[in-house]
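The next block holds one structure in the form of structure tokens; read it before the comments.
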Amino acid sequence: MLRFAANLTMLYTEYPFYERFDRAAEAGFEAVEFFFPYGLESADIQQALDRNQQQLVLFNMPLGDWDAGDRGFAAQPARRDEFRRAIDQAVSYGQQLKPPRINCPSGPAAGQGDPLPTLRENFALAASTLKAHDIQLVLEPINHGDVPGAVISGVEQAVRLFDQIDSDNLAVQYDLWHSLRAGEDPYQVLPAFIDRIAHIQIADVPGRHQPGSGEVDFERLFTLLDNLNYPGWVSLEFHPQGATDASFAHLRQLGVLK
């Protein structure tokens, strides 16, 4: 039976942030994720989780100045020191909120030269540091339409990178939206790499709205994940058309949400 989590950065945006935990709980979600905890008080987040008996399953490492367009810098040599500070910041929140996983997309390269040595060095350090706190590092491949020049845009690329790093604390965060936009076939990628995938996020295409709004056959997708015995969370990370609660209609019709 698949387990679903709510992404509170993209869902329930019609409510203040801490109220989103309550709304998600009322809709039946026992697990949540969000983009970033930084700038918030861990105690306030934990209070929202505790009052709803929810688990925080994921957040992202700092990815730079998000509002200015930064989408990660792990492959940029000139920002090595900043990446180390980002690890420390993620660990600080991770120690308090105890998510099982923290995500770090590669981000784009900067300038000329091979970005992979820097990416390998940074991911090796982050994976080792997080492992000491029982947190797994996951890498989300991002399509080039959303992040031009993203160094890791596909699942196979991510797995090749992992195979060059001496760590057992690295896994893929598979985002259906990014995978389809990158031209991947989920029905080939998922069976081939399911043992390297620790977290999944979903949205329909082409609009990145709720399941049932676009072209994806979610019944087929969920059947595949069931047949593959995928044990992780499937997070709803989409922009609802209309009220968030109404956006779950197709999932309820399929019987995957109560």
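Everything quoted here is computed from the prediction, not taken from an experiment. Throughout, numbering of the chain's residues begins at 1 and tracks the sequence.
At least one donor-acceptor pair under 3.5 Å links the side chain of H209 to the backbone N or O of H239.
Side-chain polar atoms of E14 and T244 form a donor-acceptor pair below 3.5 angstrom. In summary, the side chains of Q201 and Q173 do present a donor paired with an acceptor at a separation below 3.5 Å, with no hydrogens or angles considered.
The two residues L170 and F123 make their nearest non-hydrogen contact at CD2-CD2, 3.8 Å. Looking at every heavy atom in both residues, L224 comes nearest to P186 through CD2-O, 4.1 Å. Looking at every heavy atom in both residues, N52 comes nearest to A25 through OD1-CB, 3.3 Å. The two residues S213 and Q241 come nearest to each other via the heavy atoms CB-OE1, 3.5 Å. The minimum heavy-atom distance linking G72 with P108 is given by the pair O-CD, 3.4 Å. Residue A158 comes nearest to L139 through the heavy atom pair CB-CD2, 4.2 Å, listed as atom of the first residue, atom of the second, then distance.
Residues meeting the salt bridge (charged side-chain N to carboxylate O under 4.0 Å, His left out) test with E219, sequence neighbours left out: none. For F193, there are no ring-ring contact (aromatic ring centres under 6.0 Å, His included) partners at least two apart in sequence or on another chain. Residues satisfying the ring-ring contact (aromatic ring centres under 6.0 Å, His included) criterion with F59, sequence neighbours excluded, are absent altogether. Checked against side chain to side chain donor-acceptor pair (under 3.5 Å), D114 has no partners two or more places apart in sequence or in another chain. Partners of F248 under the ring-ring contact (aromatic ring centres under 6.0 Å, His included) rule, at least two apart in sequence or in another chain, are F29.
Under a cut-off of 6.0 angstrom, the local environment of CG in D185 is crowded, with over 12 non-hydrogen atoms contributed by other residues, nucleotides or ligands. Surrounding CD of Q55 are more than 12 heavy atoms belonging to other residues, nucleotides or ligands, all under 6.0 Å away. Q53 CD: 12 or fewer foreign heavy atoms inside a 6.0 Å radius. Counting heavy-atom neighbours within 6.0 Å of Q47 CD, excluding the residue itself, gives a total of 12 or less.
Atoms CG and OG, from N169 and S128 in turn, are 8.5 Å apart once rounded to the nearest 0.5 Å. Here M10 contributes atom CE and Q210 contributes atom CD; the two are 11.0 Å apart, rounded to the nearest 0.5 Å. Atoms CG and CD1, on L130 and I135 in that order, are 5.5 Å from each other to the nearest 0.5 Å. Taken from CG in D70 to CG in D65, the straight-line distance is 6.0 Å, to the nearest 0.5 Å. Annotation: the span from E30 atom CD to Q54 atom CD amounts to 9.0 Å, rounded to 0.5 Å. The structure places SG of C104 at 8.0 Å from CG of N122, a figure rounded to the nearest 0.5 Å.
In this structure, the side chains of L119 and L161 come closer than 4.5 Å at one or more pairs of heavy atoms. At least one side-chain heavy atom of F218 sits under 4.5 Å from a side-chain heavy atom of D204. Counting only heavy atoms from C-beta outward, the side chains of D22 and E19 approach each other to under 4.5 Å. You'll find the side chain of M61 reaches within 4.5 Å of the side chain of F83, heavy atoms only. Counting only heavy atoms from C-beta outward, the side chains of L63 and R71 never approach each other to under 4.5 Å. With contacts defined as side-chain heavy-atom distances shorter than 4.5 Å, the pair V138/V172 does not qualify. Proximity of Q89 to R85: side-chain heavy atoms (C-beta onward) are nowhere separated by under 4.5 Å. Between D146 and W177 there is a side-chain heavy-atom pair separated by less than 4.5 Å.
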(request) Just do the side chain to side chain contact (heavy atoms under 4.5 Å, CB included) check on Q46 and Q96 with the steps written out, would you? (result) CA-CA 8 Å; Q46 191 63 55; Q96 298 172 75; over 6 Å; no

(request) Kindly indicate, with the supporting measurements, whether the criterion side chain to side chain contact (heavy atoms under 4.5 Å, CB included) is fulfilled by L58 and N7. (result) CA-CA 9 Å; L58 183 89; N7 184 295; over 6 Å; no

(message) Please evaluate residues S153 and N143 with respect to the criterion side chain to side chain contact (heavy atoms under 4.5 Å, CB included), reporting the C-alpha separation (whole Å), side-chain torsions for both, the decisive distance (0.1 Å), and the verdict.
(response) CA-CA 5 Å; S153 60; N143 77 84; 5.7 Å; no

(request) Please test V155 against E184 for side chain to side chain contact (heavy atoms under 4.5 Å, CB included), starting from the C-alpha separation and ending with a verdict. (result) CA-CA 9 Å; V155 173; E184 293 181 328; 3.8 Å; yes

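Linking ILVMFWY residues whenever their side-chain heavy atoms come closer than 4.5 Å, directly or via other members, places I165 and V151 in the same cluster. Linking ILVMFWY residues whenever their side-chain heavy atoms come closer than 4.5 Å, directly or via other members, leaves I200 and V57 in distinct clusters. In the hydrophobic clustering of this structure, L176 groups with L225; members are Ile, Leu, Val, Met, Phe, Trp, Tyr whose side-chain heavy atoms approach within less than 4.5 Å, directly or through other members. In the hydrophobic cluster analysis, where Ile, Leu, Val, Met, Phe, Trp and Tyr join through side-chain heavy atoms closer than 4.5 angstrom, V147 is grouped apart from L116. Clustering ILVMFWY residues whenever any of their side-chain heavy atoms sit less than 4.5 angstrom apart, transitively, puts L180 in a cluster other than the one holding I142.
Between K98 and D134 no salt bridge is recorded (no basic side-chain N to carboxylate O distance below 4.0 Å). In summary, R208 and E237 engage in a salt bridge, as defined by a charged side-chain N under 4.0 Å from a carboxylate O. Electrostatic pairing of D166 and R120 does not count as a salt bridge here, judged by no charged N lying under 4.0 Å from a carboxylate O. Between E121 and R84, at least one side-chain nitrogen of the basic residue sits less than 4.0 Å from a carboxylate oxygen of the acidic one, meeting the salt-bridge criterion.
Using cut-offs of 30° and 60° for the angle between ring planes, the Y38 and F36 rings count as tilted.
Under the side-chain hydrogen bond (donor to acceptor under 3.5 Å, both in side chains) criterion, the residue pairs touching residues 222-235 are E33-S235, with sequence neighbours excluded.
No cation-pi contact links R20 to Y15, judged by a cut-off of 6.0 Å to the six-membered ring centre and 45° from its axis. Taking the centre and axis of the six-membered ring of Y12, the NZ or CZ atom of R23 falls outside the cone set by 45° and 6.0 Å. Cation-pi geometry between R220 and Y187 is met: under 6.0 angstrom from the ring centre, within 45 degrees of the axis.
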